[in-house]
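Below is one structure, written out as structure tokens; the observations come after it.
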Amino acid sequence: MSDQTDGGRRLSTQEAARVLGVKPATVYAYVSRGQLASRRDPAGRGSSFDAAEVEALARRSRREAAAPAAGELSVRTALTLIEPDRFYFRGVDAVALASRYRYEEVAEWLWTGTLPRGARFTAPAEVLEAARRAVDALPAHSGPVDRLRVAVAAAAVADPLRFDLSEEAVLGSARCLIPTLVGALPATGSGWAGDGRIARQLWSRLTAREPDPDALAVLDLALALLVDHDLAASTLAVRVAASARAHPYAAVSAGLGALEGPLHGAAGRLAHRMLVEVLEQGGAAPVVAEHLRAGRRVPGLGHRLYQGEDPRAGALFARLEGLEQAAPALAAAREVVAVMARQGGLHANVDLALAVLSVSCGMTAEAGETVFAVARTAGWIAHALEEYQERPLRMRPSGQYHGPRPPQPMP
């Protein structure tokens, strides 16, 4: 007989088994795997289970049983949908959303499905200080992802609530973590905090120039556009970590680890250096030719998910047209695209647009990588939250053994 307690409706083992469509012994197997929590009846009549938790597990089990078998790992998500020429955040056109709302607001939309106007993220003083001390101890040649990874680890240690995986706790950590990451980076500019926006705080970490409102708006747009992009390699790494119930800081660390790979995170700095070369040589043709001669890809071009131009690049190029100082770099980028178009070419992607921003605003070659990592932290948190609602340790593909067949002689 089900029982009503202060904590909500409780089910007996037999009732939980009926809801789940399994034998009572399997219910206890779920408990041992961490998929269900049980409570011992003080009267000694066995265990009871939270009805809402049992019903949620039953829904997940039905969805997984109905999912078609596939050769590749498939992950359900309600966050980002990518089509051949556009993409959406929770069903809303992402370019339109990012063009109208600031980065923090778009992050909140991805996390909660609500748009709190004027959302702000604040780093607790003690957490920010711990992250800064850790980052300051790194060698001077450390890259931006090096610094961000160390800052995440320091912030995690400073947060005693990091193991609380409830949505409220995870979102509280996220709203503190993102400004902590930005604040832990060494300042190159005046360090003036402005109105507290992430874009304004990040600007002083990317360039010594004072921002004009239009340039700052482009940076904010870039952050909002880069919040999420479905299951890129770094995002999949985050979901694997979250599947093992790693806390959100550890999940973000997994994403940063994958981002540091040269096939995922390095394209921005390569595109920046290419544009600098084009400007120095006065034309794109010799620079493109040198890349091709060396057997290198021309950076900033092509995206396997879009048939034409990356919509994120298109949105940033349109906004960069309003920046007088961006005109030379923008012209150089378009010349690169035009040269490559002769070969049936590739279209611009977001890395090329970020390179135009970084070159025209006096930023370093690593600036695009920094913008990407800070922006995507919000998306990684959103994916971790989704994964926490799934069956634990489900990201466990089977290996195909190709070694020598046993038995082999003892070495």
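Count residues from 1 along the sequence. Excluded from the calculations below are hydrogen atoms, water molecules and symmetry mates; all remaining heavy atoms, backbone and side chain alike, are included.
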Between R86 and D93 (side chain of the first, backbone of the second, donor and acceptor by atom type, cut-off under 3.5 Å), is there such a pair?
no

Any donor-acceptor pair under 3.5 Å linking the side chain of R90 with the backbone of W109?
yes

When rounded to the nearest 0.5 Å, the distance separating CG of L181 from CD of Q201 is 11.5 Å

For the atom pair CZ (R102) and CD1 (I198), what is the distance rounded to the nearest 0.5 Å?
12.0 Å

Salt bridge check: are E387 and R394 linked by an N-O gap of less than 4.0 Å?
yes

Salt-bridged, E390 to R239, with N to O below 4.0 Å?
no

Side chain proximity check, V22 to Y30, heavy atoms < 4.5 angstrom:
yes

May I ask you to check whether H229 and Y306 place their ring centers less than 6.0 Å from one another?
yes

If you count heavy atoms of other groups shown closer than 6.0 angstrom to CZ of R296, is the number above 12?
yes

Should we say atom CD of E168 is surrounded by more than 12 heavy atoms from elsewhere, each under 6.0 Å from it?
no

From the list V75, L110, T77, side chain to side chain contact (heavy atoms under 4.5 Å, CB included) partner of H383 resolves to T77

In a check of side chain to side chain contact (heavy atoms under 4.5 Å, CB included) between W380 and each of D228, L256, L385, which one passes?
L256

